[in-house]
Amino acid sequence: MSRILVTGGAGFIGSHLCKRLLDEGNEVISLDNYFTGQKRNIVPLLNNPYFEVVRHDVTSPYFVEVDQIFNLACPASPVHYQYNPIKTVKTSVMGAINMLGLAKRVRAKILQASTSEVYGDPLVHPQTEDYWGHVNPIGLRSCYDEGKRVSETLFMNYHQQNEVKIKIIRIFNTYGPNMHPHDGRVVSNFIMQALRGQDITIYGDGQQTRSFQYVDDLVEGMLKMMATGDDFIGPVNIGNPGEFTILELAEKVIGMTGSKSKIVYQPLPADDPMQRKPDITLAKEKLGWEPKVHLEEGLKKTIAYFENLIREDKSI
Ligand code: NAD
Ligand code: UDP
(Lines give C-alpha, C1' and ligand atoms only; values in the text may rest on other atoms or scores of the structure.)
(Ligands and ions follow the chains in the order given, each with its own letter.)
Protein backbone atom coordinates (compact mmCIF):
# COMPACT_ATOMS: atom_id res chain seq x y z
CA MET A 1 0.00 0.00 0.00
CA SER A 2 1.34 3.44 -0.96
CA ARG A 3 0.23 6.77 0.50
CA ILE A 4 -0.62 9.00 -2.44
CA LEU A 5 -1.43 12.72 -2.68
CA VAL A 6 -3.68 13.81 -5.56
CA THR A 7 -3.86 17.59 -6.03
CA GLY A 8 -7.04 18.58 -7.82
CA GLY A 9 -8.57 15.39 -6.39
CA ALA A 10 -12.17 16.70 -6.48
CA GLY A 11 -11.94 17.63 -10.15
CA PHE A 12 -13.09 15.64 -13.15
CA ILE A 13 -9.92 13.58 -13.72
CA GLY A 14 -8.74 13.73 -10.10
CA SER A 15 -11.89 12.08 -8.78
CA HIS A 16 -11.54 9.13 -11.19
CA LEU A 17 -7.87 8.81 -10.29
CA CYS A 18 -8.59 8.83 -6.52
CA LYS A 19 -11.21 6.10 -7.00
CA ARG A 20 -8.88 3.90 -9.04
CA LEU A 21 -5.99 4.34 -6.58
CA LEU A 22 -8.28 3.41 -3.65
CA ASP A 23 -9.63 0.41 -5.58
CA GLU A 24 -6.04 -0.78 -5.97
CA GLY A 25 -5.57 -0.71 -2.18
CA ASN A 26 -3.71 2.58 -1.70
CA GLU A 27 -4.19 5.29 0.90
CA VAL A 28 -5.25 8.48 -0.91
CA ILE A 29 -5.29 12.15 0.10
CA SER A 30 -7.29 14.50 -2.14
CA LEU A 31 -6.13 18.12 -1.94
CA ASP A 32 -8.38 20.71 -3.60
CA ASN A 33 -9.54 24.31 -3.23
CA TYR A 34 -12.85 23.52 -5.04
CA PHE A 35 -12.43 26.29 -7.62
CA THR A 36 -13.67 24.00 -10.41
CA GLY A 37 -13.87 20.71 -8.50
CA GLN A 38 -17.08 19.43 -6.98
CA LYS A 39 -17.63 17.68 -3.66
CA ARG A 40 -20.24 15.59 -5.48
CA ASN A 41 -17.37 13.91 -7.38
CA ILE A 42 -15.74 12.53 -4.21
CA VAL A 43 -18.78 11.91 -1.99
CA PRO A 44 -18.92 8.24 -3.11
CA LEU A 45 -15.34 7.79 -1.86
CA LEU A 46 -15.87 9.26 1.60
CA ASN A 47 -16.88 6.03 3.30
CA ASN A 48 -13.50 4.50 2.46
CA PRO A 49 -11.34 4.82 5.62
CA TYR A 50 -8.22 5.08 3.47
CA PHE A 51 -9.48 8.28 1.77
CA GLU A 52 -8.73 11.71 3.26
CA VAL A 53 -9.90 15.09 2.04
CA VAL A 54 -7.97 18.34 2.47
CA ARG A 55 -9.19 21.81 1.50
CA HIS A 56 -6.04 23.64 0.47
CA ASP A 57 -4.69 25.86 -2.29
CA VAL A 58 -1.52 24.61 -4.00
CA THR A 59 -0.18 28.15 -4.26
CA SER A 60 0.66 27.77 -0.53
CA PRO A 61 3.08 25.08 0.68
CA TYR A 62 1.59 21.89 2.09
CA PHE A 63 3.43 19.30 4.16
CA VAL A 64 2.56 15.62 4.35
CA GLU A 65 4.42 12.30 4.30
CA VAL A 66 3.58 10.55 1.04
CA ASP A 67 5.19 8.10 -1.40
CA GLN A 68 3.68 9.54 -4.58
CA ILE A 69 2.15 12.82 -5.76
CA PHE A 70 -0.11 13.29 -8.80
CA ASN A 71 -0.17 17.05 -9.48
CA LEU A 72 -3.48 17.84 -11.21
CA ALA A 73 -4.55 21.06 -9.49
CA CYS A 74 -5.32 23.62 -12.21
CA PRO A 75 -8.53 24.71 -13.92
CA ALA A 76 -8.60 22.99 -17.33
CA SER A 77 -11.53 24.52 -19.21
CA PRO A 78 -10.77 27.72 -21.19
CA VAL A 79 -13.73 29.51 -19.55
CA HIS A 80 -12.42 28.73 -16.06
CA TYR A 81 -8.71 29.27 -16.62
CA GLN A 82 -9.38 32.61 -18.33
CA TYR A 83 -11.64 33.78 -15.46
CA ASN A 84 -8.62 34.76 -13.34
CA PRO A 85 -5.53 34.33 -15.55
CA ILE A 86 -3.07 35.54 -12.92
CA LYS A 87 -4.36 32.91 -10.51
CA THR A 88 -4.07 30.29 -13.26
CA VAL A 89 -0.38 31.10 -13.74
CA LYS A 90 0.16 31.08 -9.97
CA THR A 91 -1.58 27.71 -9.64
CA SER A 92 0.59 26.11 -12.32
CA VAL A 93 3.89 27.70 -11.33
CA MET A 94 3.68 28.09 -7.54
CA GLY A 95 1.73 24.83 -7.33
CA ALA A 96 4.53 23.02 -9.17
CA ILE A 97 7.21 24.63 -6.96
CA ASN A 98 5.34 23.72 -3.76
CA MET A 99 4.63 20.14 -4.82
CA LEU A 100 8.16 19.60 -6.18
CA GLY A 101 9.55 20.99 -2.91
CA LEU A 102 7.42 18.50 -1.02
CA ALA A 103 8.51 15.64 -3.30
CA LYS A 104 12.13 16.60 -2.74
CA ARG A 105 11.74 16.73 1.04
CA VAL A 106 9.90 13.41 1.45
CA ARG A 107 11.53 11.71 -1.57
CA ALA A 108 8.19 11.08 -3.26
CA LYS A 109 7.75 10.28 -6.94
CA ILE A 110 5.77 13.09 -8.58
CA LEU A 111 3.74 13.11 -11.81
CA GLN A 112 2.75 16.32 -13.58
CA ALA A 113 -0.54 16.50 -15.49
CA SER A 114 0.74 18.56 -18.41
CA THR A 115 -1.24 19.15 -21.55
CA SER A 116 -1.36 19.09 -25.33
CA GLU A 117 -1.69 22.88 -24.97
CA VAL A 118 2.11 23.03 -24.65
CA TYR A 119 2.02 22.48 -28.45
CA GLY A 120 -0.26 25.55 -28.85
CA ASP A 121 -1.82 25.87 -32.32
CA PRO A 122 0.46 23.16 -33.72
CA LEU A 123 2.27 23.36 -37.04
CA VAL A 124 3.28 19.69 -36.77
CA HIS A 125 0.53 17.09 -37.11
CA PRO A 126 0.09 14.70 -35.36
CA GLN A 127 1.99 16.09 -32.39
CA THR A 128 5.09 14.21 -31.22
CA GLU A 129 6.81 14.87 -27.89
CA ASP A 130 9.88 16.38 -29.56
CA TYR A 131 7.79 19.19 -31.12
CA TRP A 132 8.42 22.45 -29.19
CA GLY A 133 5.07 23.97 -30.00
CA HIS A 134 3.57 27.15 -31.45
CA VAL A 135 2.27 29.13 -28.50
CA ASN A 136 1.24 32.79 -28.29
CA PRO A 137 2.90 33.98 -25.05
CA ILE A 138 0.55 36.96 -24.59
CA GLY A 139 -2.79 35.60 -25.85
CA LEU A 140 -6.00 34.58 -24.09
CA ARG A 141 -4.84 31.00 -23.62
CA SER A 142 -1.28 31.85 -22.56
CA CYS A 143 -1.97 31.85 -18.79
CA TYR A 144 -2.74 28.14 -19.13
CA ASP A 145 -0.34 27.17 -21.95
CA GLU A 146 2.68 29.04 -20.62
CA GLY A 147 1.89 28.11 -17.00
CA LYS A 148 1.96 24.44 -17.99
CA ARG A 149 5.14 24.94 -20.03
CA VAL A 150 6.92 26.52 -17.03
CA SER A 151 5.66 23.63 -14.87
CA GLU A 152 7.38 21.19 -17.22
CA THR A 153 10.55 23.31 -16.99
CA LEU A 154 10.39 23.24 -13.19
CA PHE A 155 9.87 19.48 -13.17
CA MET A 156 12.95 18.98 -15.37
CA ASN A 157 14.98 21.44 -13.24
CA TYR A 158 14.09 19.72 -9.94
CA HIS A 159 14.97 16.40 -11.54
CA GLN A 160 18.34 17.58 -12.88
CA GLN A 161 19.33 19.77 -9.93
CA ASN A 162 17.83 17.83 -7.01
CA GLU A 163 17.32 14.32 -8.39
CA VAL A 164 13.59 14.44 -7.73
CA LYS A 165 11.85 11.43 -9.33
CA ILE A 166 9.55 13.04 -11.87
CA LYS A 167 7.09 11.92 -14.54
CA ILE A 168 5.52 14.25 -17.11
CA ILE A 169 2.46 13.32 -19.17
CA ARG A 170 0.87 15.53 -21.82
CA ILE A 171 -2.86 14.91 -21.70
CA PHE A 172 -5.02 15.45 -24.80
CA ASN A 173 -8.74 16.40 -24.60
CA THR A 174 -10.35 14.06 -22.10
CA TYR A 175 -14.05 13.62 -21.32
CA GLY A 176 -16.35 11.48 -19.21
CA PRO A 177 -18.60 11.41 -16.14
CA ASN A 178 -17.80 13.97 -13.38
CA MET A 179 -17.08 16.77 -15.86
CA HIS A 180 -18.63 19.96 -14.53
CA PRO A 181 -21.91 20.50 -16.43
CA HIS A 182 -21.09 24.19 -16.94
CA ASP A 183 -17.35 24.12 -17.41
CA GLY A 184 -17.69 25.29 -21.00
CA ARG A 185 -15.73 22.47 -22.61
CA VAL A 186 -17.05 21.15 -25.86
CA VAL A 187 -18.19 17.66 -24.81
CA SER A 188 -20.06 18.82 -21.68
CA ASN A 189 -21.53 21.84 -23.52
CA PHE A 190 -22.85 19.81 -26.45
CA ILE A 191 -24.32 17.05 -24.28
CA MET A 192 -26.01 19.49 -21.85
CA GLN A 193 -27.37 21.54 -24.78
CA ALA A 194 -28.64 18.45 -26.60
CA LEU A 195 -30.33 17.00 -23.50
CA ARG A 196 -32.12 20.28 -22.83
CA GLY A 197 -33.11 20.88 -26.46
CA GLN A 198 -31.03 24.06 -26.57
CA ASP A 199 -29.03 25.23 -29.59
CA ILE A 200 -25.68 23.47 -30.04
CA THR A 201 -23.03 26.21 -30.12
CA ILE A 202 -20.24 25.58 -32.60
CA TYR A 203 -17.46 28.16 -32.40
CA GLY A 204 -16.10 29.01 -35.86
CA ASP A 205 -17.04 26.77 -38.81
CA GLY A 206 -16.67 23.53 -36.85
CA GLN A 207 -13.84 22.29 -39.07
CA GLN A 208 -11.23 22.52 -36.26
CA THR A 209 -10.30 19.07 -34.95
CA ARG A 210 -9.75 17.50 -31.55
CA SER A 211 -8.93 13.95 -30.40
CA PHE A 212 -11.17 12.84 -27.56
CA GLN A 213 -9.96 10.43 -24.90
CA TYR A 214 -12.27 8.69 -22.41
CA VAL A 215 -11.20 9.27 -18.81
CA ASP A 216 -10.69 5.56 -17.94
CA ASP A 217 -8.04 5.27 -20.66
CA LEU A 218 -6.24 8.32 -19.28
CA VAL A 219 -6.25 7.01 -15.69
CA GLU A 220 -4.78 3.72 -16.91
CA GLY A 221 -2.03 5.66 -18.72
CA MET A 222 -1.32 7.76 -15.61
CA LEU A 223 -0.87 4.66 -13.44
CA LYS A 224 1.34 2.99 -16.04
CA MET A 225 3.49 6.12 -16.26
CA MET A 226 3.84 6.39 -12.46
CA ALA A 227 4.91 2.72 -12.37
CA THR A 228 7.79 3.16 -14.84
CA GLY A 229 11.38 2.98 -13.62
CA ASP A 230 13.74 5.91 -13.07
CA ASP A 231 15.05 5.67 -16.64
CA PHE A 232 11.82 7.08 -18.15
CA ILE A 233 10.50 10.48 -17.07
CA GLY A 234 8.67 11.64 -20.21
CA PRO A 235 7.19 13.87 -21.39
CA VAL A 236 4.83 11.40 -22.98
CA ASN A 237 1.57 12.04 -24.86
CA ILE A 238 -1.51 10.37 -23.38
CA GLY A 239 -4.46 10.76 -25.71
CA ASN A 240 -6.69 9.03 -28.22
CA PRO A 241 -5.46 9.47 -31.81
CA GLY A 242 -9.02 9.30 -33.22
CA GLU A 243 -9.46 12.78 -34.74
CA PHE A 244 -12.86 14.44 -35.25
CA THR A 245 -14.04 17.85 -36.40
CA ILE A 246 -16.15 19.75 -33.89
CA LEU A 247 -19.04 19.58 -36.38
CA GLU A 248 -18.75 15.76 -36.43
CA LEU A 249 -18.86 15.73 -32.63
CA ALA A 250 -21.99 17.92 -32.62
CA GLU A 251 -23.73 15.61 -35.11
CA LYS A 252 -22.76 12.54 -33.10
CA VAL A 253 -24.12 14.01 -29.85
CA ILE A 254 -27.38 15.07 -31.54
CA GLY A 255 -27.76 11.59 -33.05
CA MET A 256 -26.96 9.71 -29.85
CA THR A 257 -29.27 11.81 -27.65
CA GLY A 258 -32.08 11.85 -30.22
CA SER A 259 -32.20 15.61 -29.61
CA LYS A 260 -34.11 18.16 -31.68
CA SER A 261 -31.43 20.80 -31.00
CA LYS A 262 -30.27 22.95 -33.93
CA ILE A 263 -26.64 23.75 -34.61
CA VAL A 264 -25.76 27.47 -34.41
CA TYR A 265 -22.43 29.04 -35.29
CA GLN A 266 -20.71 31.54 -32.99
CA PRO A 267 -17.36 33.39 -33.35
CA LEU A 268 -14.20 31.33 -32.87
CA PRO A 269 -12.28 32.44 -29.74
CA ALA A 270 -8.77 33.88 -30.33
CA ASP A 271 -5.89 31.41 -30.66
CA ASP A 272 -8.24 28.39 -30.76
CA PRO A 273 -6.03 25.56 -32.12
CA MET A 274 -7.10 24.37 -35.60
CA GLN A 275 -6.02 20.77 -35.18
CA ARG A 276 -4.91 18.40 -32.48
CA LYS A 277 -4.02 14.72 -32.53
CA PRO A 278 -1.48 12.86 -30.41
CA ASP A 279 1.25 10.66 -31.79
CA ILE A 280 1.25 7.92 -29.13
CA THR A 281 4.17 5.84 -30.43
CA LEU A 282 6.22 6.66 -27.31
CA ALA A 283 3.41 5.70 -24.88
CA LYS A 284 2.93 2.39 -26.72
CA GLU A 285 6.65 1.64 -26.59
CA LYS A 286 7.47 2.78 -23.03
CA LEU A 287 4.20 2.08 -21.20
CA GLY A 288 2.63 -0.66 -23.32
CA TRP A 289 -0.41 1.64 -23.29
CA GLU A 290 -2.98 2.64 -25.86
CA PRO A 291 -6.57 3.84 -25.48
CA LYS A 292 -9.35 1.25 -25.71
CA VAL A 293 -12.60 3.21 -25.50
CA HIS A 294 -14.11 4.40 -28.80
CA LEU A 295 -15.80 7.79 -28.96
CA GLU A 296 -19.37 6.39 -29.24
CA GLU A 297 -18.84 4.10 -26.25
CA GLY A 298 -17.42 6.91 -24.10
CA LEU A 299 -20.09 9.38 -25.19
CA LYS A 300 -22.80 6.88 -24.27
CA LYS A 301 -21.51 6.69 -20.68
CA THR A 302 -21.05 10.46 -20.48
CA ILE A 303 -24.56 11.16 -21.82
CA ALA A 304 -25.99 8.74 -19.23
CA TYR A 305 -24.09 10.62 -16.49
CA PHE A 306 -25.48 14.02 -17.52
CA GLU A 307 -29.02 12.60 -17.95
CA ASN A 308 -28.84 11.35 -14.39
CA LEU A 309 -27.48 14.68 -13.12
CA ILE A 310 -30.37 16.57 -14.72
CA ARG A 311 -32.89 14.03 -13.35
CA GLU A 312 -31.49 14.44 -9.81
CA ASP A 313 -31.26 18.22 -9.90
CA LYS A 314 -33.48 20.04 -12.37
CA SER A 315 -31.87 23.41 -11.48
CA ILE A 316 -28.51 22.33 -12.98
P1 NAD B 1 -10.94 20.19 -13.36
O2 NAD B 1 -11.11 21.67 -13.44
O3 NAD B 1 -12.17 19.35 -13.27
O4 NAD B 1 -10.00 19.79 -12.14
C5 NAD B 1 -9.00 20.62 -11.62
C6 NAD B 1 -9.08 20.56 -10.11
O7 NAD B 1 -8.04 21.38 -9.54
C8 NAD B 1 -10.41 21.08 -9.56
O9 NAD B 1 -10.92 20.20 -8.60
C10 NAD B 1 -10.03 22.43 -8.94
O11 NAD B 1 -10.89 22.83 -7.91
C12 NAD B 1 -8.61 22.16 -8.50
N13 NAD B 1 -7.81 23.39 -8.37
C14 NAD B 1 -7.73 24.41 -9.25
N15 NAD B 1 -6.89 25.37 -8.76
C16 NAD B 1 -6.44 24.91 -7.57
C17 NAD B 1 -5.56 25.44 -6.59
N18 NAD B 1 -4.97 26.64 -6.74
N19 NAD B 1 -5.33 24.71 -5.46
C20 NAD B 1 -5.93 23.49 -5.27
N21 NAD B 1 -6.78 22.96 -6.17
C22 NAD B 1 -7.03 23.66 -7.30
O23 NAD B 1 -10.06 19.76 -14.62
P24 NAD B 1 -9.61 18.33 -15.12
O25 NAD B 1 -10.10 18.18 -16.50
O26 NAD B 1 -9.90 17.29 -14.12
O27 NAD B 1 -8.03 18.54 -15.22
C28 NAD B 1 -7.13 18.02 -14.25
C29 NAD B 1 -5.71 18.30 -14.69
O30 NAD B 1 -5.46 17.67 -15.95
C31 NAD B 1 -5.40 19.78 -14.87
O32 NAD B 1 -4.10 20.05 -14.40
C33 NAD B 1 -5.45 19.97 -16.36
O34 NAD B 1 -4.64 21.01 -16.79
C35 NAD B 1 -4.96 18.63 -16.88
N36 NAD B 1 -5.46 18.35 -18.23
C37 NAD B 1 -6.77 18.06 -18.44
C38 NAD B 1 -7.22 17.86 -19.74
C39 NAD B 1 -8.66 17.50 -20.05
O40 NAD B 1 -9.01 17.40 -21.23
N41 NAD B 1 -9.51 17.29 -19.11
C42 NAD B 1 -6.32 17.96 -20.83
C43 NAD B 1 -5.00 18.29 -20.55
C44 NAD B 1 -4.57 18.47 -19.25
N1 UDP C 1 -16.14 24.58 -28.81
C2 UDP C 1 -17.33 24.77 -29.52
N3 UDP C 1 -18.47 24.96 -28.82
C4 UDP C 1 -18.52 24.94 -27.47
C5 UDP C 1 -17.33 24.73 -26.73
C6 UDP C 1 -16.15 24.56 -27.45
O7 UDP C 1 -17.33 24.78 -30.75
O8 UDP C 1 -19.63 25.11 -26.91
C9 UDP C 1 -14.90 24.35 -29.58
C10 UDP C 1 -13.72 25.21 -29.14
O11 UDP C 1 -13.74 26.46 -29.83
C12 UDP C 1 -12.54 24.34 -29.55
C13 UDP C 1 -13.06 22.91 -29.34
O14 UDP C 1 -14.49 23.01 -29.33
O15 UDP C 1 -12.26 24.50 -30.92
C16 UDP C 1 -12.60 22.28 -28.03
O17 UDP C 1 -12.88 23.19 -26.99
P18 UDP C 1 -12.63 22.87 -25.45
O19 UDP C 1 -12.93 24.13 -24.70
O20 UDP C 1 -13.36 21.65 -25.06
O21 UDP C 1 -11.08 22.49 -25.33
P22 UDP C 1 -9.72 23.07 -25.98
O23 UDP C 1 -10.00 24.21 -26.90
O24 UDP C 1 -8.92 23.48 -24.81
O25 UDP C 1 -9.18 21.91 -26.71
Side-chain angles (χ1 to χ4, degrees), residues 6-18 30-39 41-42 54-60 62 70-82 84 87-92 94-96 98-99 111-118 121 140-141 144-145 147-148 151 169-176 178-180 183-193 198-213 215 218 222 237-239 244-247 249-250 253 263-276 278:
V6 178
T7 76
F12 157 51
I13 297 169
S15 56
H16 286 272
L17 178 64
C18 287
S30 158
L31 179 156
D32 208 294
N33 71 349
Y34 301 99
F35 172 45
T36 53
Q38 308 175 87
K39 285 202 177 142
N41 289 345
I42 49 171
V54 177
R55 179 186 282 270
H56 184 81
D57 194 306
V58 285
T59 57
S60 298
Y62 178 71
F70 287 86
N71 188 38
L72 274 65
C74 185
S77 126
V79 176
H80 287 148
Y81 70 63
Q82 287 166 25
N84 184 346
K87 178 69 195 245
T88 300
V89 176
K90 282 187 182 172
T91 295
S92 272
M94 293 165 70
N98 288 327
M99 289 306 125
L111 179 145
Q112 170 65 357
S114 189
T115 168
S116 53
E117 292 286 321
V118 300
D121 190 3
L140 274 179
R141 298 172 79 100
Y144 183 73
D145 301 7
K148 288 285 185 177
S151 307
I169 59 166
R170 293 182 178 154
I171 304 170
F172 283 65
N173 294 64
T174 304
Y175 69 97
N178 295 5
M179 289 185 92
H180 195 291
D183 79 357
R185 284 185 271 192
V186 70
V187 174
S188 43
N189 265 13
F190 284 2
I191 295 178
M192 286 296 287
Q193 290 163 343
Q198 295 166 346
D199 290 346
I200 306 275
T201 54
I202 289 189
Y203 304 156
D205 61 7
Q207 291 310 307
Q208 70 271 38
T209 68
R210 293 292 186 274
S211 296
F212 299 103
Q213 159 173 249
V215 64
L218 167 61
M222 293 176 104
N237 291 337
I238 302 286
F244 298 87
T245 67
I246 295 304
L247 177 59
L249 177 73
V253 170
I263 289 176
V264 297
Y265 292 88
Q266 295 184 355
L268 188 69
D271 298 332
D272 200 287
M274 267 316 292
Q275 54 182 2
R276 204 183 275 146

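First listed ligand is number 1; within each ligand, the first listed atom is number 1. Fair warning: this is a prediction, and the values are worked out from it, not measured in the lab. Throughout, residue positions are numbered sequentially from 1 according to the sequence presented.
With rounding to the nearest 0.5 angstrom, the CG atom of N189 is 5.0 Å from the OG1 atom of T201. Atom-to-atom distance recorded for M222:CE and I238:CD1 is 9.0 Å, nearest 0.5 angstrom. Expressed to the nearest 0.5 Å, how far CZ of R276 lies from OG1 of T209 amounts to 8.5 Å.
At a 4.0 Å heavy-atom cut-off, ligand 2 touches N189 through the side chain alone. In R185, the parts holding a heavy atom less than 4.0 Å from any atom of ligand 2 are both the side chain and the backbone. Contacts with ligand 2 closer than 4.0 Å are made by no heavy atom of Q266, backbone or side chain. Under 4.0 Å from ligand 2, not a single heavy atom of Q207 appears.
The side-chain heavy atoms of H180 and V79, taken from C-beta on, include no pair separated by under 4.5 Å. Contact of the F35 side chain with the N84 side chain is not registered, since no non-hydrogen atoms from C-beta on lie closer than 4.5 Å. Contact of the R141 side chain with the Q82 side chain is registered, since non-hydrogen atoms from C-beta on lie closer than 4.5 Å.
For the residue pair L140 and A270, the shortest heavy atom distance occurs at CD1-CB, 4.0 Å. Listed here is the closest heavy atom pair of I42 and G9: CG2-O, 3.6 Å. G239 and P278 get closest at one heavy-atom pair: C-CG, 3.7 Å. Here the closest non-hydrogen pair linking F212 and R210 is CZ-CB, 3.5 Å.
Residue G184 approaches ligand 2 through these ligand atoms, each under 4.0 Å from one of its heavy atoms: 5 (C). Shown in contact with Q208 at under 4.0 Å from a heavy atom are these atoms of ligand 2, numbered in order with element: 9 (C), 11 (O), 15 (O). Using a 4.0 Å cut-off to heavy atoms of I202, the atoms of ligand 2 that qualify are 7 (O). Short contacts between ligand 2 and N173, defined as distances under 4.0 Å to a heavy atom of the residue, involve ligand atoms 21 (O), 22 (P), 25 (O). Proximity to E117 (heavy-atom distance under 4.0 Å) selects the following atoms of ligand 2: 24 (O).
At least one N or O atom of T201 sits closer than 3.5 Å to an N or O atom of ligand 2. Residue-to-ligand polar distances place R276 within reach of ligand 2: an N/O pair is separated by less than 3.5 Å. Checking only distances, L268 never comes within under 3.5 Å of ligand 2, N or O to N or O.
Not one N or O on the side chain of N71 forms a donor-acceptor pair closer than 3.5 Å with the backbone of Q112. For the pair T59 (side chain) and G95 (backbone), a donor-acceptor distance under 3.5 Å is absent.
For K87 and D57, the salt-bridge test passes: some basic side-chain N is under 4.0 Å from an acidic carboxylate O.
Applying the side-chain contact (heavy atoms from CB on, under 4.5 Å) test between Y144 and each of S92, C74, S77 identifies C74 as the sole match.
Among all protein heavy atoms, the one lying closest to atom 7 (O) of ligand 2 is Y203 N, 2.8 Å. From the protein, the heavy atom lying nearest to atom 16 (C) of ligand 2 is R210 NE, 3.6 Å. In terms of protein heavy-atom proximity, atom 13 (C) of ligand 2 is nearest to I246 CD1, 3.7 Å.
Of the listed residues (D272, V186, V187), the one carrying the non-hydrogen atom nearest atom 18 (P) of ligand 2 is V186.
Using a non-hydrogen distance threshold of 4.0 Å, R141 registers as a contact of ligand 2. For P78, the heavy-atom gap to ligand 2 drops under 4.0 angstrom.
Using a heavy-atom distance under 4.0 Å as the criterion, the protein contacts of ligand 1 are G8, A10, G11, F12, I13, D32, N33, Y34, F35, T36, G37, H56, D57, V58, L72, A73, C74, P75, A76, K87, T91, A113, S114, T115, Y144, K148, I171, N173, T174, R185.
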Could you please spell out the steps behind the side chain to side chain donor-acceptor pair (under 3.5 Å) verdict for Q213 and T174?
CA-CA 5 Å; Q213 159 173 249; T174 304; 3.0 Å; yes
